[in-house]
**Student:** 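The structure that follows is given in the form of structure tokens.
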There are 2 protein chains.
Amino acid sequence: MSTRASAQTQRRARLTRDRVLRAAIALADESGIESLTMRRLGEELGVGPMALYRHVRNKEDLVDGIVDLVFEEIGLPSIDADWKEAMRRRAISVREALSRHRWAIGVMESRLNPGPANLRHHDAVIGCLRAAGLAIAMVAHAYSLLDSYIYGFATTQMNLPFQTPEEVAEVAQSMLRPSPLNAYPHLTEMLTDHVMKPGYDYGDEFLYGLDVILNALQQAQNAS
Amino acid sequence: MSTRASAQTQRRARLTRDRVLRAAIALADESGIESLTMRRLGEELGVGPMALYRHVRNKEDLVDGIVDLVFEEIGLPSIDADWKEAMRRRAISVREALSRHRWAIGVMESRLNPGPANLRHHDAVIGCLRAAGLAIAMVAHAYSLLDSYIYGFATTQMNLPFQTPEEVAEVAQSMLRPSPLNAYPHLTEMLTDHVMKPGYDYGDEFLYGLDVILNALQQAQNAS
DNA sequence: ACCTGAACACCGTTCAAGT
DNA sequence: ACCTGAACACCGTTCAAGT
């Protein structure tokens with residue numbers, strides 16, 4: 001009886017905003033963002049849905065909160081390293097955080113209120129580039145280009161109708177079946193002669209594109 | 001009386017999948033994607049919500065349908081033009097379509113079933129690059145890089161806490177107020193000394209980044 | 001201060017029924 | 001063949017009430 005009572009107590013350990021947000025992230029990670037409802041989250045924490053409203057203003061505020069926790073996971077760029085290497089490491093760190101929390105990229109673009117971790121992160125990136133001597137206009141160019149690419153790649157990879165290499169084959173198959181024979185010849189060639197070849201992993205394209213961008217930015221910087 | 005009856009008749013003109021999808025796009029354009037519910041859409045068309053299910057399988061199918069209609073608005077790249085110029089025009093066309101339908105970028109990454117217009121578009125882009133002589137691996141690189149950038153820029157621009165140049169000032173103001181003085185010095189500098197200067201429009205960054213990428217890809221192509 | 005319970009105004013969708 | 005109406009299992013959130 002006392003074990004059951006203490007389990008109950010533990011489950012009902014006083015709620016905090018942090019406990020609510022952590023549970024929300026765990027729920028979204030496990031079951032997808034569509035499972036993150038106030039009712040389900042309450043269940044998970046052993047309370048009614050209305051108990052959550054003591055710690056978050058509303059659902060919008062809840063999602064703002066978990067997005068900012070994802071930003072906290074991203075490593076801040078160091079000031080001393082050369083900016084190209086620092087930006088490369090940051091890009092990889094962002095991508096890692098986004099792939100740990102696959103729901104994040106999908107809800108970020110509906111956020112209007114950037115949280116403190118988000119602002120601190122942006123501030124550090126701009127600071128790194130300024131410290132390396134880039135003019136303010138060049139920092140704006142570099143930041144826009146890099147961030148667009150990083151978020152865009154995560155979005156694009158999410159959009160692919162296949163996730164694992166094994167799925168590529170069946171997708172290629174089904175892509176031809178419903179349409180007139182060879183309706184998409186170039187797409188078919190790309191899939192069969194390149195993407196389906198052993199060793200190809202779409203994720204590898206990330207570093208290729210990132211280095212193309214970083215090298216191009218460095219050229220532009222050196223030319224100025 | 002007869003006018004009222006004919007208005008009624010016109011309003012209830014036989015539903016088609018196309019009429020349903022067009023009305024859905026109009027509703028999302030006007031009132032935002034969160035207003036696009038089966039019930040509201042039925043109202044708009046003068047029918048009950050269940051009438052829609054004769055023409056779309058479910059809401060997922062409805063959203064798949066309107067996303068593919070957006071793809072139909074994007075101009076296909078021409079084969080004869082040089083690939084760099086063709087890709088530049090395509091990128092601008094994608095961006096225009098996405099800014100006509102601001103909800104689109106937010107729902108694209110939850111789509112798993114690419115529609116015919118989407119496939120036709122992708123096929124044409126790959127075909128254009130192949131015709132210009134790019135090796136298949138280079139096409140994969142270029143496609144990934146360009147698409148990531150285009151979608152990412154649209155996402156990033158959507159994420160900005162300001163949309164019009166006028167809003168920038170108040171955002172910059174409120175960014176300092178709640179935090180310890182000068183919590184984000186580099187962000188503040190960027191906003192006050194660059195973004196808020198007359199003539200700056202974040203949208204202009206799109207072409208800068210696009211041309212950086214296109215030139216870098218051409219260099220990589222020439223080197224091979 | 002913190003949580004509950006009932007209620008309200010919404011969702012998408014099934015199923016049987018109308019014409 | 002095409003649309004309706006009632007119903008079901010969900011949502012987020014308000015408000016008054018409990019401890």
Side-chain angles (χ1 to χ4, degrees), chain A residues 4-28 30-67 103 106-107 110-113, chain B residues 4-28 30-67 103 106-107 110-113:
Chain A
R4 192 177 152 282
S6 83
Q8 196 81 324
T9 313
Q10 212 170 6
R11 171 145 227 173
R12 305 207 171 203
R14 200 157 64 271
L15 282 186
T16 61
R17 183 178 166 93
D18 194 63
R19 243 169 63 79
V20 169
L21 295 180
R22 302 278 172 201
I25 289 185
L27 184 53
E30 267 178 45
S31 319
I33 191 76
E34 74 282 356
S35 299
L36 177 58
T37 70
M38 303 303 269
R39 288 169 141 95
R40 273 269 278 156
L41 182 55
E43 244 174 62
E44 219 73 26
L45 288 162
V47 298
M50 291 318 300
L52 305 173
Y53 284 78
R54 186 71 35 186
H55 304 97
V56 297
R57 233 194 315 271
N58 48 32
K59 190 169 180 188
E60 192 77 359
D61 184 39
L62 175 75
V63 179
D64 280 343
I66 62 176
V67 166
W103 47 267
V107 293
S110 44
R111 301 305 89 207
L112 287 182
N113 306 314
Chain B
R4 192 175 154 282
S6 83
Q8 195 81 322
T9 313
Q10 213 171 6
R11 173 146 224 169
R12 303 207 171 205
R14 199 156 64 274
L15 282 186
T16 60
R17 182 177 167 93
D18 194 64
R19 242 167 65 78
V20 169
L21 296 181
R22 302 281 169 196
I25 289 185
L27 184 55
E30 268 176 46
S31 319
I33 191 74
E34 74 282 356
S35 299
L36 178 58
T37 70
M38 302 305 268
R39 289 168 141 95
R40 274 268 281 155
L41 182 55
E43 243 174 63
E44 219 73 26
L45 287 162
V47 298
M50 291 318 298
L52 305 172
Y53 284 79
R54 188 72 34 184
H55 304 98
V56 297
R57 236 195 311 273
N58 46 36
K59 188 168 180 187
E60 190 80 359
D61 184 38
L62 174 75
V63 179
D64 281 344
I66 62 177
V67 166
W103 47 267
V107 292
S110 44
R111 303 302 89 206
L112 286 182
N113 304 314

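So you know, we letter chains A, B, ... as the sequences are listed, proteins then strands, and number each from 1. Just so it is clear, the model here is predicted, and its values are computed rather than measured.
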**Student:** State the CG-CD1 distance between A:L27 and A:I66, to the nearest 0.5 angstrom.
**Tutor:**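 Answer for the CG-CD1 pair, A:L27 versus A:I66, is 9.0 Å.
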**Student:** Nearest-Å distance, CD (A:E43) to C1' (C:dC3)?
**Tutor:**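 Result: 16 Å.
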**Student:** Testing the basics here: between A:L36 and A:K59, what is the closest heavy-atom pair and its distance to 0.1 Å?
**Tutor:**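 Heavy atoms only, the tightest pair is O-NZ, 2.8 Å.
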**Student:** Could you check how far NE2 of A:H55 sits from C1' of C:dC2, rounded to whole Å?
**Tutor:**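 Computing the A:H55:NE2 to C:dC2:C1' distance gives 7 Å.
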**Student:** Does C:dT4 have a Watson-Crick or wobble mate here (both distances under 3.5 Å), and if so which one?
**Tutor:**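 WC or wobble partner is D:dA16.
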**Student:** Between D:dC3 atom C1' and B:L45 atom CG, what is the distance in whole Å?
**Tutor:**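 One finds 13 Å between C1' of D:dC3 and CG of B:L45, rounded.
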**Student:** Between A:R40 and A:E44, is there a salt bridge with N-O shorter than 4.0 Å?
**Tutor:**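 So A:E44 pairs with A:R40 through a salt bridge.
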**Student:** Would you mind reading off the distance between A:L52 atom CG and C:dT4 atom C1', rounded to a whole angstrom?
**Tutor:**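 After rounding, the gap between these two atoms is 12 Å.
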**Student:** Hey, what do you get for CZ (B:R19) to CG (B:L52), rounding to the nearest 0.5 Å?
**Tutor:**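 B:R19 CZ to B:L52 CG: 10.5 Å, rounded to 0.5 Å.
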**Student:** Using a 4.0 Å cut-off on protein heavy atoms (strictly under), produce a 5'-to-3' string for nucleotides 12-19 of chain C with B for base contact, S for backbone-only sugar-phosphate contact, and - for none.
**Tutor:** BBB-----
**Student:** Under 3.5 Å, is there a donor-acceptor pair between the side chain of A:H55 and the main chain of A:L15?
**Tutor:**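 Yes; judged by distance alone, with no hydrogens or angles, the pair exists.
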**Student:** Tell me which nucleotide, if any, is Watson-Crick or G-U wobble paired with D:dC10 when both distances must be under 3.5 Å.
**Tutor:**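 When the pairing criteria are applied, nothing turns out to pair with D:dC10, so the answer is none.
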**Student:** Once you round it to whole Å, what is the distance between P of D:dC11 and CG of A:L41?
**Tutor:**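 To the nearest whole Å, that distance equals 12 Å.
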**Student:** So do B:L21 and B:I25 actually touch side chain to side chain, heavy atoms under 4.5 Å?
**Tutor:**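 They are not in contact (no side-chain heavy atoms under 4.5 Å apart), so the answer is no.
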